[in-house]
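Values reported hereafter were calculated over all heavy atoms of this structure, with side chains retained and with hydrogens, waters and symmetry mates removed. Please read these numbers as outputs of a predicted model, since none were measured by experiment. Residue numbers run from 1 in the order of the sequence given.
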Amino acid sequence: AEVGQDVDELEALVAELLIYARFEREAPELEQEEQRLAPWLMQTVDTAKNGFSQIDISCRIEPVAKDLTAKIAPRYMARAVSNLITNAGRYAKSQIIVSLEKNDSTYMIHVDDDGPGIAEADRKRIFEPFVRLDASRDRDTGGSGLGLAIVQRIVTMHCGTVWTEPSQLLGGARFTIRTPLDGTALPSLPN
């Protein structure tokens, strides 16, 4: 069984490497479409949940974001959100909350966990490829160190930003994707 697990991990690593290499070489043409964000996000969270039986993963839609539509490449953005959920799932003790809110002409997707959080010194670094943090955040939980780099690529392709800060909601880490609703660059996105 251990050999099978090693092979699975190797296959997952190769898949991540290929995706990352493709983004490095050429940003794929994003086929953006108008998408109702609330049902899309709930479906994305439902799919991502399947990998985690011990952790309560819930989705909250702010009332003002209930009927929000945005121009996104749904498959890529779903990948970004599910990578954030997978990352949170490695560190959460028991709970992850994914939420959607509207902020002026942008939407924000937050992924909060109740894990140990991320030291301020590491908050920029973790989006670099192959960076894995010290043992306090990164217990022996696998992962290629590419998941967050892929998130950053996808969000940048959507003219957005992604960052992490302490979670006021659950006490661990909060990752936030902030992207313009119309899929075009904003004059300035504070980060």
Side-chain angles (χ1 to χ4, degrees), residues 5 8-9 11-20 22-23 28 30-33 35-62 65-66 68-70 72-101 107-118 126-127 129 132-133 137-158 160-165 167 169-179:
Q5 190 182 345
D8 288 349
E9 281 176 17
E11 281 179 352
L13 173 61
V14 169
E16 293 278 275
L17 273 169
L18 289 172
I19 290 167
Y20 189 75
R22 184 168 168 227
F23 286 157
L30 278 195
E31 301 224 349
Q32 292 191 327
E33 53 191 65
Q35 188 81 33
R36 287 192 58 224
L37 290 177
W40 165 84
L41 184 62
M42 289 190 283
Q43 175 64 57
T44 301
V45 171
D46 265 356
T47 304
K49 255 186 210 186
N50 294 334
F52 300 98
S53 50
Q54 306 302 310
I55 297 171
D56 176 44
I57 303 177
S58 58
C59 188
R60 294 183 181 176
I61 309 295
E62 299 278 316
K66 193 167 57 70
L68 208 53
T69 62
I72 63 170
R75 206 168 51 91
Y76 282 116
M77 196 53 99
R79 175 66 191 241
V81 172
S82 60
N83 279 15
L84 290 183
I85 293 170
T86 300
N87 179 68
R90 290 197 180 108
Y91 309 108
K93 292 197 282 280
S94 64
Q95 197 180 9
I96 296 169
I97 296 173
V98 182
S99 49
L100 172 67
E101 66 174 275
Y107 65 91
M108 294 165 82
I109 296 170
H110 306 290
V111 178
D112 289 87
D113 68 57
D114 63 354
I118 299 168
I126 53 171
F127 292 102
R132 297 188 58 196
L133 301 185
R137 174 80 183 168
D138 211 351
R139 56 179 186 253
D140 186 20
T141 49
S144 62
L146 280 173
L148 294 177
I150 289 170
V151 172
Q152 183 157 50
R153 286 284 150 141
I154 292 170
V155 172
T156 302
M157 283 158 46
H158 282 79
T161 53
V162 59
W163 68 91
T164 183
E165 60 196 330
S167 169
L169 196 59
L170 295 178
R174 161 175 275 199
F175 282 81
T176 298
I177 291 172
R178 183 178 185 204
T179 305

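Residues passing the salt bridge (charged side-chain N to carboxylate O under 4.0 Å, His left out) test with Arg60: none are found, sequence neighbours excluded. Contacts of Thr86 classified as side chain to side chain donor-acceptor pair (under 3.5 Å), with partners at least two apart in sequence or in another chain: none. In this structure, the side chain to side chain donor-acceptor pair (under 3.5 Å) partners of Glu101, at least two apart in sequence or on a different chain, are His110. Not a single side chain to side chain donor-acceptor pair (under 3.5 Å) links Thr156 to another residue, sequence neighbours left out. Every residue two or more places apart in sequence or in another chain that forms a side-chain contact (heavy atoms from CB on, under 4.5 Å) with Glu33 is listed here: Gln35, Pro74. With sequence neighbours excluded, the residues forming a salt bridge (charged side-chain N to carboxylate O under 4.0 Å, His left out) with Asp46 are Lys49, listed by chain and number.
A salt bridge is defined here as a Lys NZ or Arg NE, NH1 or NH2 lying under 4.0 Å from an Asp or Glu carboxylate O, and Asp114 with Lys93 fails to meet this definition.
From Gln32, atom CD reaches atom OH of Tyr76 across 11.5 Å, with rounding to the nearest 0.5 Å. Distance check: Arg153 CZ to Leu148 CG gives 13.5 Å after rounding to the nearest 0.5 Å. In this structure, the separation between CG on Leu68 and CZ on Arg36 is 10.0 Å, given to the nearest 0.5 Å. Distance CD1/Ile97 to CZ/Arg174: 9.0 Å, rounded to 0.5 Å. For the atom pair CD1 (Ile72) and CG (Leu37), the distance works out to 5.5 Å, reported to the nearest 0.5 Å. Note: Arg90 CZ to Ile55 CD1 = 11.0 Å, rounded to the nearest 0.5 Å.
Looking at every heavy atom in both residues, Val162 comes nearest to Val155 through N-CG1, 4.1 Å. Taking each heavy atom of Thr164 and Ala173 in turn, the nearest pair found is OG1-CB, 4.2 Å. The minimum heavy-atom distance linking Ile177 with Ala80 is given by the pair CD1-CB, 4.3 Å. In plain terms, the two heavy atoms of Thr179 and His158 that are nearest each other are CG2-O, 3.2 Å. The two residues Gly147 and Asn83 have their closest heavy-atom pair at O-ND2, 3.0 Å. Thr161 and Trp163 get closest at one heavy-atom pair: OG1-CZ3, 3.4 Å.
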(request) Could you walk me through whether Phe175 and Val98 pass the side chain to side chain contact (heavy atoms under 4.5 Å, CB included) test, one step at a time? (result) CA-CA 9 Å; Phe175 282 81; Val98 182; over 6 Å; no
(message) Let's go through Thr176 and Ile109 carefully: what are the C-alpha distance in whole Å and the side-chain angles of both, what is the deciding distance for side chain to side chain contact (heavy atoms under 4.5 Å, CB included) to 0.1 Å, and is it a yes or a no?
(response) CA-CA 6 Å; Thr176 298; Ile109 296 170; over 6 Å; no
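Donor-acceptor pairing under 3.5 Å is lacking for the side chains of Ser94 and Asp56.
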